[in-house]
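Computed from a predicted structure; not experimentally measured. Proteins get letters first, then strands, A, B, ... in listed order; numbering begins at 1 in each.
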Number of protein chains: 2
Amino acid sequence: MRPEERLLLSNQLCFPIYRCARRIIRAYAPLLRDLGLTYTQYIVMMVMWERHEIEEKELCSLLDLDSGTLSPLIRKLESRKLLSKHRLDSDGRVLVLETTDEGMALRKQALSVPVGMACAMKLESMDEALDLKRRVDKLSKALSESMG
Amino acid sequence: MRPEERLLLSNQLCFPIYRCARRIIRAYAPLLRDLGLTYTQYIVMMVMWERHEIEEKELCSLLDLDSGTLSPLIRKLESRKLLSKHRLDSDGRVLVLETTDEGMALRKQALSVPVGMACAMKLESMDEALDLKRRVDKLSKALSESMG
DNA sequence: TGTGATTTAATTGTATGCAATTTAATTTGC
DNA sequence: GCAAATTAAATTGCATACAATTAAATCACA
């Protein structure tokens, strides 16, 4: 391919992924509206439902988001009483997040969200989803490694 | 899969795509720094390099971004004199964007960007890229259709 | 043991995204 | 012809993302 052709929007791989990610977030919005969550808040709660207790540092690492993004978001979830915060006695730097009962209760309401998304995505089979996930993860890993 | 399992981060398809998109934008950042462009500004310029002249409405549609995002961004590119704006004589609502000479000159500098990204993505073959693109586009289209 | 380096969060500043609203121009129906 | 509906951008308000900086706590080690 000529260098100029590589600058055509139609020859991009990154743009479709970027567009798909935005469409995913848009598709989640109506499903999450009932829960009063945004997509980013939802994936944080997803971790909180699974782990009940987690250090902010590990949450940042799991979601690949930094404290600049998560600090204010955690404050909002705390003010909604979906989680609580405390510092480790043994190390005052470490912030521990804990899922509240109210936070766990929200999980029941969230059970319908994956169903709604599966419908919106119109995937033909579990294999199709797993294969796409594998390919995306491979690219994601390569990008992550090349960034140091 | 049990409903609860569908709420595990590790069982998500959407999260990896969302994470990949963010890593893509992060990987572009150092390559675009020399050009003084962000990723979103870069894809706008990509269209401007190809089309020279385009209505804002069509640009919104091509990039799947709305005027709330593009209006301020276009203002910035205009203030950098990479493009110019004028309204249609025949219809004062329509904003037409035109690539300036300075905007076209930036294209030369941008020729190395796709090379840098190809390197960061470590793709094994053109086929691998095309296949991923096709699968992502299929999901993207399904989401778009289910949104109306 | 004291101090410089390191680690963890929070904060700051800039740039998106996008829903909802507003503004201005045009088109439609009658 | 003209009021109502429609269309295209711009604006507003809110929620991320993220680089860079700051602040606080701990660690390393001479």
Find the distance [X]:[atom1] to [N]:[atom2] and express it as a whole number of Å.
X       : N      : atom1 : atom2 : value
B/Leu95 : C/dA25 : CG    : P     : 13 Å
A/Asp91 : D/dA24 : CG    : C1'   : 11 Å
A/Ile24 : D/dT16 : CD1   : C1'   : 16 Å
B/Asp64 : C/dA19 : CG    : P     : 10 Å
A/Met45 : D/dT16 : CE    : P     : 13 Å
B/Leu88 : D/dT7  : CG    : C1'   : 13 Å
A/Asp89 : D/dT26 : CG    : P     : 10 Å
A/Ile74 : D/dA17 : CD1   : P     : 14 Å

If you only use heavy atoms from C-beta on, which nucleotide in [options] is closest to the side chain of [X]?
X       : options                : answer
B/Ile25 : D/dA10, C/dG17, C/dA24 : C/dG17
A/Leu73 : C/dA10, D/dA10, D/dT16 : D/dT16
B/Leu65 : C/dC18, C/dT16, C/dT26 : C/dC18
B/Arg93 : C/dT26, D/dA15, D/dA9  : C/dT26
A/Lys76 : D/dA10, D/dT16, C/dA9  : D/dT16
A/Gln41 : D/dT16, D/dA10, C/dA15 : D/dT16
B/Val94 : C/dA10, D/dA9, D/dA15  : D/dA9

So [X], base contact, sugar-phosphate only, or nothing? Heavy-atom distance under 4.0 Å.
X       : answer
B/Arg75 : sugar-phosphate
B/Gly68 : base
A/Asp66 : base
A/Arg23 : nothing
B/Thr40 : sugar-phosphate

Between D/dA10 and B/Ser67, counting only base atoms on the nucleotide and side-chain atoms on the residue, is there a donor-acceptor pair under 3.5 Å?
yes
Hey, does B/Leu32 have a side-chain heavy atom less than 4.5 Å from the side chain of B/Thr38?
no
Heavy-atom check, side chain of B/His52 versus side chain of B/Glu98, under 4.5 Å
no
Short side-chain N/O contact to [N] OP1/OP2 from [X], under 4.0 Å:
X       : N      : value
B/Arg26 : D/dA17 : no
B/Thr69 : C/dG17 : no
A/Thr38 : D/dT16 : yes
A/Tyr18 : C/dG17 : yes
B/Arg87 : D/dA10 : yes

To the nearest 0.5 Å, atom CG of B/Leu130 lies from atom CG of A/Leu13 at 8.5 Å
From B/Leu97 atom CG to B/His86 atom NE2, the distance as rounded to the nearest 0.5 Å
8.5 Å
Are B/Val94 and B/Leu62 linked, directly or through other ILVMFWY residues, by side chains that come within less than 4.5 angstrom of each other?
no
Assert: residue with more 5' nearest nucleotide on DNA chain C, out of A/Arg33 and A/Pro72, is A/Pro72
Test side chain to side chain contact (heavy atoms under 4.5 Å, CB included) on B/Ser67 and B/Lys57; report intermediate values, then the result.
CA-CA 8 Å; B/Ser67 68; B/Lys57 182 175 138 72; over 6 Å; no
Set out, in order, the CA-CA distance, both residues' side-chain angles and the distance that settles side chain to side chain contact (heavy atoms under 4.5 Å, CB included) for A/Thr40 and A/Leu63, then state yes or no.
CA-CA 9 Å; A/Thr40 317; A/Leu63 299 181; over 6 Å; no
